[in-house]
Structures are given as C-alpha cells and as structure tokens.
Amino acid sequence: MARTYDSEGKQLAYFLRGIFILGGLIIYFKVPGLHWGFYFGIVIGAVIIAEILGLLWVNKRRSTVKPKKKTTAKKVVAERQVASSSKKLTDQQIIQANLDTLSGTDFERLMELYYTDQGYQVERVGGAGDHEVDLIIRGKEGYKIAVQCKRWKKDVGNDIVLRLKSGKQVHGCYDAWIVTTSHFTRSAKEAAERLNIKLINGVAIRDKLDRWRKADQGKMRRTKI
C-alpha cells in the first residue's frame with residue numbers, strides 16, 4: 001500500500017510540474033520584455049512546488065488509512081481460552097459429555113462426581129502446589145487415596161508417577177491412583193508397579209463411566225415415573 005501511494009504521489013508531482021512549466025511558458029511568451037531568467041525560475045519553482053505537493057498528498061492518504069491489527073497466535077489461543085472458560089458446564093452436562101471434548105478441569109470435576117456417587121468422600125485439590133494430586137478420596141475404610149486425573153491424548157509417562165508418589169506422601173494418603181483418558185508408557189507402568197500406584201487407562205475409565213452413565217439415566221427415568 002505504501003509503494004502505491006508513493007507511485008501515485010510521484011505521478012501527481014509529474015503532472016503538476018508539467019502544468020506549472022506549461023503555464024510559465026505561456027506567461028513568458030505572452031508578456032513581452034520578460035528576462036530569460038524568468039523561464040528558468042519557473043522551471044525550478046515548478047519542480048520544487050510539485051515535489052512538495054506530491055509529498056503532502058502521500059502523507060494525507062497514509063494518515064486516512066487505519067493500520068490493520070495483527071492477530072497473533074498467542075492472541076487467538078487466549079481468546080479461545082476465554083471463550084471456553086466463559087461456557088461453564090453444569091454437572092449433568094459434564095456427566096453426559098464426550099470425554100474428548102472436556103477440558104482438564106471438567107474431567108477432574110467428572111471424576112469428582114463419579115467417585116462421590118460411588119460412595120467416596122471427595123476433596124478437590126488441584127491448582128498450584130497440588131503435587132500432582134487433583135482429588136483426595138476417602139472410602140468406607142477411612143483411609144485416603146490421592147488421585148491424579150489426566151485428560152490427555154498422549155501417553156502418561158513415569159515422571160507423573162514419580163511426582164504422584166511425592167504428592168501422596170505430602171497429603172498423607174495411604175494409596176495413589178492415576179486416571180487418564182489415554183494410556184501409560186512402559187516406564188510409567190514399571191514405576192507404578194514398584195511404587196504400588198494404581199493406573200487406570202482410557203479403556204478402563206471409559207467403561208466405568210459408560211456403566212455409571214447408564215445407571216444414572218436409569219435413576220432419572222425411575223424418578224420421573
């Protein structure tokens with residue numbers, strides 16, 4: 001756009017230069033007795049004035065055009081996060097939603113609802129400094145279990161297992177579980193076996209949730225009847 005304005009400005013300057021020189025020639029030949037230096041003065045003045053007017057025209061055109069705001073990748077991601085965070089799902093929507101569409105926070109909430117319905121007392125941890133512990137559940141026996149929820153597509157590695165081992169101790173839990181919508185790496189399975197941490201992969205949790213949802217729908221139908 002800037003090059004277009006520059007070229008248009010030059011064309012305007014050439015046009016004005018020609019008009020001024022032509023006008024000067026007419027005056028020079030119409031008015032008798034004018035010195036020849038008058039003609040050269042007209043030529044020089046025409047060049048200077050035409051260039052100035054051309055630059056003024058270009059600056060005016062540029063000032064009237066508003067620059068377009070660049071949309072960066074970070075801005076797009078931030079806007080999507082704001083939009084997604086503004087659409088808070090209800091508990092029933094979370095229960096019935098496709099696991100692949102849930103955010104990490106919604107998946108934690110889903111597991112909180114699931115374990116609560118299974119008879120556990122559930123404490124939501126999560127957030128900064130959680131030591132890889134999202135939920136602390138307490139069964140009828142009274143002992144606490146640290147639960148890490150991973151709504152991932154990639155496999156969960158042994159680094160998560162090791163951090164949960166530490167989190168289990170920090171929160172004073174007797175046992176520890178990792179629940180994921182994906183799978184576990186071989187090293188994660190080996191570490192979990194040594195540390196006595198229970199791993200629940202995507203196939204197992206989807207099966208548990210499907211049976212729970214069907215039972216929940218059955219309860220709702222019986223309630224309506």
Side-chain angles (χ1 to χ4, degrees), residues 77-78 80-216 219:
V77 172
R80 288 178 179 175
Q81 289 176 342
V82 170
S84 61
S85 62
S86 62
K87 299 177 181 178
K88 188 175 181 179
L89 299 177
T90 64
D91 290 349
Q92 196 59 37
Q93 287 175 327
I94 291 175
I95 292 172
Q96 299 302 327
N98 187 327
L99 286 184
D100 296 329
T101 65
L102 292 178
S103 65
T105 302
D106 287 338
F107 180 60
E108 291 175 15
R109 176 60 178 159
L110 174 63
M111 297 313 303
E112 179 183 0
L113 294 169
Y114 171 75
Y115 285 121
T116 299
D117 194 65
Q118 300 304 305
Y120 291 93
Q121 295 179 8
V122 183
E123 175 189 350
R124 187 84 169 270
V125 186
D130 61 3
H131 299 281
E132 291 296 338
V133 178
D134 294 319
L135 306 174
I136 295 177
I137 64 176
R138 191 189 300 267
K140 295 178 181 179
E141 298 82 1
Y143 63 83
K144 296 191 298 182
I145 303 170
V147 181
Q148 169 59 239
C149 307
K150 290 295 184 187
R151 215 294 289 166
W152 282 7
K153 291 183 179 179
K154 65 178 182 179
D155 292 348
V156 178
N158 66 338
D159 57 323
I160 303 299
V161 176
L162 297 175
R163 289 203 293 269
L164 181 58
K165 170 64 175 178
S166 174
K168 166 188 168 183
Q169 295 173 342
V170 169
H171 291 281
C173 296
Y174 176 80
D175 208 346
W177 301 348
I178 300 178
V179 182
T180 182
T181 54
S182 58
H183 299 280
F184 297 93
T185 63
R186 178 179 297 179
S187 58
K189 294 176 182 178
E190 293 173 352
E193 186 175 357
R194 290 196 306 270
L195 300 174
N196 195 29
I197 292 177
K198 183 179 179 180
L199 303 182
I200 305 173
N201 63 22
V203 175
I205 196 59
R206 288 174 194 275
D207 180 62
K208 290 177 182 291
L209 292 174
D210 285 343
R211 286 188 278 112
W212 175 53
R213 286 166 174 166
K214 290 177 181 178
D216 183 66
K219 289 179 184 179

Could you tell me whether the side chain of R213 and the main chain of I95 form a donor-acceptor pair under 3.5 Å? yes
Over all atoms of both residues, closest heavy-atom pair of L99 and R151: O-CD, 3.4 Å
In chain order, what residues pass the ring-ring contact (aromatic ring centres under 6.0 Å, His included) check against Y115, with sequence neighbours excluded? Y120, W177
Do the side chains of R206 and D210 get close enough for a salt bridge, i.e. N-O under 4.0 angstrom? no
Minimum heavy-atom distance Q93-T90, with the two atoms named: OE1-N, 2.9 Å
What pairs meet the ring pair (Phe, Tyr, Trp, His ring centres under 6.0 Å) rule with one or both residues in residues 179-211, with sequence neighbours excluded? none
Might you point out which heavy atoms bring L102 and A97 nearest each other, and give the distance in Å? CD2-CB, 3.7 Å
For the atom pair CD (Q169) and NZ (K165), what is the distance rounded to the nearest 0.5 Å? 5.0 Å
With sequence neighbours left out, the residues meeting side chain to side chain contact (heavy atoms under 4.5 Å, CB included) with Y143 are E141, I145, Y174
Contact between L135 and R124 at the side-chain level, heavy atoms closer than 4.5 Å - yes or no? yes
Test of understanding: with side chain to side chain contact (heavy atoms under 4.5 Å, CB included), list the residues that count as partners of N98, not counting sequence neighbours. D100, T101
Closest contact, heavy atoms only, L195 versus V161: CD1-CG1, 4.1 Å
Test item: T181 side-chain N/O and W152 main-chain N/O as donor-acceptor pair under 3.5 Å: yes
Could you check if a side-chain atom of M111 sits within less than 4.5 angstrom of a side-chain atom of V122, using non-hydrogen atoms only? no
Between V133 and Q148, what is the shortest heavy-atom contact and its length? N-NE2, 3.7 Å
Can you name the residues that form a side chain to side chain contact (heavy atoms under 4.5 Å, CB included) with T185, not counting sequence neighbours? D155, S187, A188
For K144, enumerate each residue passing the side chain to side chain contact (heavy atoms under 4.5 Å, CB included) test, keeping only those at least two apart in sequence or located in another chain. I136, R138, C173
I want to check something: taking the side chain as every heavy atom from C-beta on, are F107 and D134 in contact at a cut-off of under 4.5 Å? no
Looking only at heavy atoms, the pair that brings H171 and V125 closest together is CE1-CG1, 3.9 Å
Taking atom types as modelled and ignoring hydrogens, do the side chains of S182 and T180 form a donor-acceptor contact shorter than 3.5 angstrom? yes
